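Chain identifiers are assigned alphabetically (A, B, ...) following the order of the sequence lines, protein sequences preceding nucleic acid strands; residue numbering begins at 1 within each chain. Since the model is a prediction, treat every value here as computed from it, not as a measurement.
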There are 2 protein chains.
Amino acid sequence: MVVCELSEEQTNKVFRALADATRRDIVRRTLRGEVSVSGLAAHYDMSFAAVQKHVAVLEAACLVTKIARGRERIVRGQPETLRQAQVLLTSLEDIWRQRISRLDDFLAETEN
Amino acid sequence: MVVCELSEEQTNKVFRALADATRRDIVRRTLRGEVSVSGLAAHYDMSFAAVQKHVAVLEAACLVTKIARGRERIVRGQPETLRQAQVLLTSLEDIWRQRISRLDDFLAETEN
DNA sequence: GTAACATACAACCAAATGGTTGTATGTGAG
DNA sequence: CTCACATACAACCATTTGGTTGTATGTTAC
């Protein structure tokens with residue numbers, strides 16, 4: 001079990017996990033509805049073990065969780081982690097916006 | 001020069017680039033104001049060449065651009081690429097939201 | 001109970017990543 | 001002109017990543 005806070009290291013894992021088309025697709029499917037690992041694996045042209053590893057990467061990043069149900073493991077998407085990633089991107093954009101508004105202030109001052 | 005569209009491959013590069021604390025810090029600094037590569041390198045406990053490589057990764061992901069000024073290269077943050085990454089995260093969250101609203105509809109129907 | 005299914009996990013491999021040092025080239029200051 | 005600075009880039013190395021196959025274990029169906 002991994003503690004799911006957005007530390008520097010955890011942030012690395014989240015973005016790293018999203019930097020792969022297969023994993024992004026897995027996230028989509030797990031957000032859409034309930035799926036088992038083998039259910040996911042059926043969609044990709046790679047071994048079951050490979051898909052299992054992708055799910056493990058997403059789980060370590062807290063982008064999905066797994067719960068046992070019978071002999072299957074149900075994989076659930078974790079929208080909260082996506083939201084945290086969005087917050088980080090927004091904070092970066094805000095830095096830029098603040099700069100632009102400082103620039104506007106400067107221009108407003110000098111143009112008078 | 002890299003064509004900056006958000007293809008699957010380009011998306012990989014953007015998230016991969018953001019999956020490193022040093023690179024995220026570089027993005028912050030380049031959004032805050034103008035900086036040269038050596039100006040950036042001064043802040044990190046690694047060789048100039050290593051920082052150069054980080055900037056190259058960010059440039060390939062279109063998260064920054066470099067322009068020559070005298071003997072320096074000025075590195076600029078590209079907020080547009082950040083916004084595109086945000087759009088992708090939002091689209092993932094929307095998938096989840098749609099599922100929830102379908103679930104609400106279902107409950108509303110059966111509870112009558 | 002046994003066969004088939006779902007998962008877990010180790011061992012292995014090629015390629016990519018993230019750092020290093022060394023060398024070459026272009027630019028600016030004096 | 002020359003020296004110092006800013007950059008570029010190649011070669012090298014250890015570690016991580018993303019895939020494979022093989023084996024073991026737990027669960028369900030019959």
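Taking Ile, Leu, Val, Met, Phe, Trp and Tyr as members and joining any whose side-chain heavy atoms lie under 4.5 Å apart, directly or through other members, B:V57 forms no hydrophobic cluster with any other residue.
In this entry the distance linking OH of A:Y44 with C1' of D:dG18 reads 15 Å, nearest Å. Rounded to whole Å, the distance from CZ on A:F15 to P on C:dT17 is 18 Å. When the P atom of C:dT17 is taken as reference, atom CE of B:M46 falls 16 Å away, rounded to whole Å.
Each of A:H54 and A:G70 lies near DNA chain D, and the nucleotide nearest A:H54 is the one positioned closer to the 5' end.
Applying the salt bridge (charged side-chain N to carboxylate O under 4.0 Å, His left out) criterion to B:D94, with sequence neighbours excluded, gives B:R97. Scored by the salt bridge (charged side-chain N to carboxylate O under 4.0 Å, His left out) test, A:R32 finds no partners at all (sequence neighbours excluded). Under the salt bridge (charged side-chain N to carboxylate O under 4.0 Å, His left out) criterion, B:R71 pairs with no residue at all, not counting sequence neighbours.
Shown for residues 16-30 of chain A: residues whose heavy atoms fall under 4.0 angstrom of DNA chain D, namely A:R16, A:R23.
A sub-4.0 Å separation between OP1 or OP2 of D:dG19 and a side-chain N or O of A:S47 is absent.
Atom CG of B:L18 is separated from atom OG1 of A:T11 by 10.5 Å, given to the nearest 0.5 angstrom.
When only modelled atom types and interatomic distance are considered, A:T90 and B:Q86 share a side-chain donor-acceptor pair under 3.5 Å.
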Begin with the C-alpha distance, continue with both residues' side-chain angles, and end with the deciding distance and a verdict on side-chain contact (heavy atoms from CB on, under 4.5 Å) for B:V51 and B:H43. CA-CA 10 Å; B:V51 175; B:H43 295 95; over 6 Å; no

Contact string for nucleotides 3-13 of chain C, one letter per nucleotide 5' to 3', B = base within protein heavy-atom range under 4.0 Å, S = sugar-phosphate only, - = neither, reads -BBSBBB-B--

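Residues A:K13 and A:Q10 have side chains in contact (heavy-atom distance under 4.5 Å, counting atoms from C-beta outward).
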